[in-house]
Amino acid sequence: MLDSVRSRLTLWYTAVLAIVLVILSLITYFIFWRSTVRRTDANLAELSEAFLVTLHAEMEDQRGPDAFKLAAQVAINEHLFRDHFYAITDDTGKVIVSSLDTPAANLEPDSSATGLLSSPSFQEFLEASSRSDRLFGEIKGNKGGYRGFARHFSARGRNYTLFILQSLHAQKEMLEGVTSTFEWVIPIAILLASVGGYFLARKSLAPVVAMSSHAGRIGAANLHERLAVQNEKDELGHLARSFNSLLDRLSQSFERQQRFMADASHELRTPVAILRGESEVALSQQGRSAGEYRESLGVLHQEAARLTRIVEDLFTLTRADAGQYPLQSHDFYLDELVAECVHSARTLALAKNISLKLEELVESPIHADESLLRRMIMNLLDNAIKYTPGGGSVTVSCQRVGAEYVLSIADTGGGIPADLQPRIFERFFRADKARSRAENDGGGAGLGLSISRWIAEAHRGRLELTRSDATGSTFTAYLPAPASPTASTS
Ligand code: ADP
């Protein structure tokens with residue numbers, strides 16, 4: 001049951017509400033109790049004032065040894081109310097007169113007050129009253145006990161203490177009424193709130209349930225479908241938008257994968273078809289000369305080499321995409337690698353009557369994956385030679401500029417049309433498919449530049465086409481150089 005967010009929300013809501021209600025009722029009870037006590041105290045103080053005024057007035061009229069007692073009895077009779085109790089003690093603490101001796105004519109004697117004067121609680125209060133001029137306190141007794149007030153006064157040169165006690169029975173009954181009201185109101189409020197909370201949670205989560213069931217129906221076949229966004233600004237709208245943008249990214253990458261697969265199979269189909277066609281022709285014609293067989297084998301070999309290159313390139317890119325192409329970096333000199341690559345490409349350039357120039361190099365130590373960098377430089381050199389007509393030239397330079405090595409390969413080919421330049425680093429992109437395929441042996445699959453760019457980026461560098469017009473193209477690779485000792489000491 002707790003596995004459902006709805007139930008958990010309801011439970012939390014109910015628990016919080018229950019705590020709030022309990023705290024609220026405790027505070028209400030306390031405030032109620034305190035105001036009752038204050039009212040009682042004010043009442044007792046007022047009563048004592050009135051009582052003393054009457055007592056003093058009565059004493060004017062009374063004569064004789066019992067004058068005080070008689071005046072006190074008259075005053076008690078006059079001010080005695082239901083649930084009240086009076087007592088006057090002299091300065092030795094002895095009760096001289098009390099309302100128990102003189103029950104008022106209109107009131108029944110309070111049976112619960114019998115024995116009150118001798119009760120330990122009253123004795124304690126009596127003792128405490130001797131220490132302060134005015135004192136309020138609680139006296140234990142039947143039916144909720146009493147609230148007591150004691151004050152000293154003097155009459156005819158003698159000191160007395162007046163005690164007025166008010167039964168707390170009525171107040172106690174009222175507070176019990178409040179408590180019992182809370183006892184049934186709180187559970188009912190919690191029950192109603194939890195039912196309401198459950199429906200509220202169900203209603204608020206309904207769009208989430210709808211979204212999740214819609215999302216559950218989205219698969220490869222309907223990846224274009226999107227979740228409905230009801231209110232863009234609320235949290236659920238935000239969730240739906242985030243999910244939709246995730247779907248956008250997924251479907252783009254899915255499309256890219258599909259295009260990649262389609263392009264890859266297309267590229268592989270041509271050499272495979274040539275291999276098959278050539279071998280079929282060779283096998284079907286009997287009595288062919290050794291030279292003819294050699295020629296066929298040459299074509300087969302060339303196509304097989306082309307197939308191998310494409311498969312290797314595809315494999316490299318797939319591993320690079322999956323982040324599974326670990327760089328095997330070590331320290332070497334980039335200038336030496338560049339010189340080696342230029343040396344290797346010299347035959348290719350010579351065959352096309354292209355002059356391959358290497359500008360003066362400076363010592364360029366680097367920490368990188370040598371075989372990947374070799375592949376990048378060879379790709380760029382290969383392209384420069386491939387797309388430069390005979391008689392042209394290719395110039396290679398490598399220098400350190402600030403914190404990076406700048407490796408440039410410039411040719412005097414026909415350049416890349418401006419509108420196609422932004423796309424040349426895309427996979428399987430060839431500016432002129434027909435020409436590329438026809439003009440070079442076997443042709444490229446359009447993967448060389450994407451791999452080269454990945455190699456530069458894997459070394460935290462970049463590869464850019466820095467110039468391409470009718471006079472030729474320049475590709476520049478920027479690779480981070482180690483901090484030079486001279487730079488660091490200066
Ligand atoms: P390819 O295997 O076709 O050479 P690349 O990824 O290496 O594939 O190059 C992509 C395309 O960029 C090429 O087909 C070509 O049209 C263009 N290109 C690359 N290098 C040059 C260059 N030096 N001069 C002119 N065009 C070039």
Side-chain angles (χ1 to χ4, degrees), residues 256 259-260 263-271 274 302-303 305-318 320-321 338 341-342 344-345 348-349 351-358 372-397 407-458 462-477:
R256 257 199 316 271
R259 212 171 43 232
F260 185 72
D263 286 345
S265 11
H266 181 79
E267 287 303 324
L268 293 173
R269 215 163 50 191
T270 316
I274 296 174
Q302 192 179 305
E303 286 308 313
R306 182 168 140 72
L307 254 182
T308 312
R309 211 170 50 238
I310 295 176
V311 171
E312 265 173 15
D313 284 354
L314 283 175
F315 189 53
T316 305
L317 281 174
T318 328
D321 282 350
V338 172
C341 291
V342 169
S344 310
L348 218 59
K352 273 192 82 181
N353 189 27
I354 289 172
S355 88
L356 186 54
K357 294 180 229 163
L358 176 60
L372 282 181
L373 284 192
R374 183 190 304 277
R375 197 161 164 187
M376 178 186 82
I377 300 167
M378 284 312 289
N379 270 345
L380 296 174
L381 275 173
D382 198 43
N383 277 350
I385 296 168
K386 205 157 55 176
Y387 300 112
T388 301
S393 68
V394 172
T395 311
V396 181
S397 71
L407 168 64
S408 289
I409 295 171
D411 62 52
T412 56
I416 303 157
D419 55 329
L420 299 181
Q421 287 177 15
R423 298 191 54 201
I424 53 162
F425 290 99
E426 284 176 21
R427 291 169 187 190
F428 298 107
F429 180 80
R430 290 195 303 262
D432 177 348
K433 298 200 177 194
R435 188 202 62 179
S436 311
R437 189 60 65 76
E439 280 186 5
N440 65 74
D441 325 344
L447 292 174
L449 284 181
S450 5
I451 292 179
S452 303
R453 175 165 268 188
W454 166 73
I455 293 174
E457 286 169 358
R462 58 196 198 282
L463 173 65
E464 288 168 7
L465 171 64
T466 39
R467 173 191 71 107
S468 191
D469 51 34
T471 62
S473 313
T474 305
F475 282 87
T476 310

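Quick note: residue numbers are just sequence positions, from 1. Numbering of ligands and ligand atoms starts at 1, following listing order. As the structure is a computational prediction, the values presented were derived from the model and not from experiment.
K352 places a side-chain N or O within 3.5 Å of a backbone atom of K386 that can act as its donor or acceptor partner.
For D321 and R427, the salt-bridge test passes: some basic side-chain N is under 4.0 Å from an acidic carboxylate O. For E464 and R462, the salt-bridge test passes: some basic side-chain N is under 4.0 Å from an acidic carboxylate O.
Which parts of ligand 1 touch G446 is read off a 4.0 Å heavy-atom cut-off, strictly below it: atoms 1 (P), 2 (O), 3 (O), 6 (O), 8 (O). Those atoms of ligand 1 with a heavy atom of L447 less than 4.0 angstrom away are 6 (O), 8 (O). Taking a cut-off of under 4.0 Å to the non-hydrogen atoms of R430, the atoms of ligand 1 that pass are 3 (O), 14 (O). Taking every heavy atom of G448 and a limit of under 4.0 angstrom, the matching atoms of ligand 1 come to 5 (P), 6 (O), 7 (O). Every atom of ligand 1 is numbered from 1 in the order shown, and the set under 4.0 Å from a heavy atom of L449 is 5 (P), 6 (O), 7 (O), 9 (O), 10 (C), 12 (O), 19 (C). Distances below 4.0 Å separate heavy atoms of I424 from the following atoms of ligand 1: 10 (C), 12 (O).
With sequence neighbours excluded, no residue forms a side-chain hydrogen bond (donor to acceptor under 3.5 Å, both in side chains) with R256. S397 pairs by the side-chain hydrogen bond (donor to acceptor under 3.5 Å, both in side chains) definition with nothing, not counting sequence neighbours.
One option in N383, V394, D382, N379 has a heavy atom closer to atom 7 (O) of ligand 1 than any other, and that option is N383. Of the candidates F425, Y387, F428, the one placing a heavy atom closest to atom 21 (C) of ligand 1 is Y387.
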Audit row: R375, T316, side chain to side chain donor-acceptor pair (under 3.5 Å) steps and yes/no:
CA-CA 11 Å; R375 197 161 164 187; T316 305; 3.0 Å; yes
Going through the checks in order, is the side chain to side chain contact (heavy atoms under 4.5 Å, CB included) test met by F429 and L420? CA-CA 9 Å; F429 180 80; L420 299 181; 3.9 Å; yes
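A heavy-atom separation below 4.0 Å is found between A445 and ligand 1.
Checked against a 3.5 angstrom limit, the closest N/O atoms of F475 and ligand 1 fall outside it. For ligand 1, the polar-atom distance check against I416 finds no nitrogen or oxygen pair separated by under 3.5 Å. By the 3.5 Å distance cut-off applied to N or O atoms, G415 is not counted among the residues near ligand 1. Residue-to-ligand polar distances keep S450 apart from ligand 1: every N/O pair is separated by 3.5 Å or more.
Put simply, the side chain of L449 reaches to within 4.5 Å of the side chain of L380, judged on heavy atoms.
Heavy atoms only, all atoms of each residue included: S393 and T412 are closest at N-OG1, 2.9 Å.
Proximity of F429 to ligand 1, defined as any heavy-atom pair under 4.0 Å, is confined to the backbone N, CA, C and O atoms.
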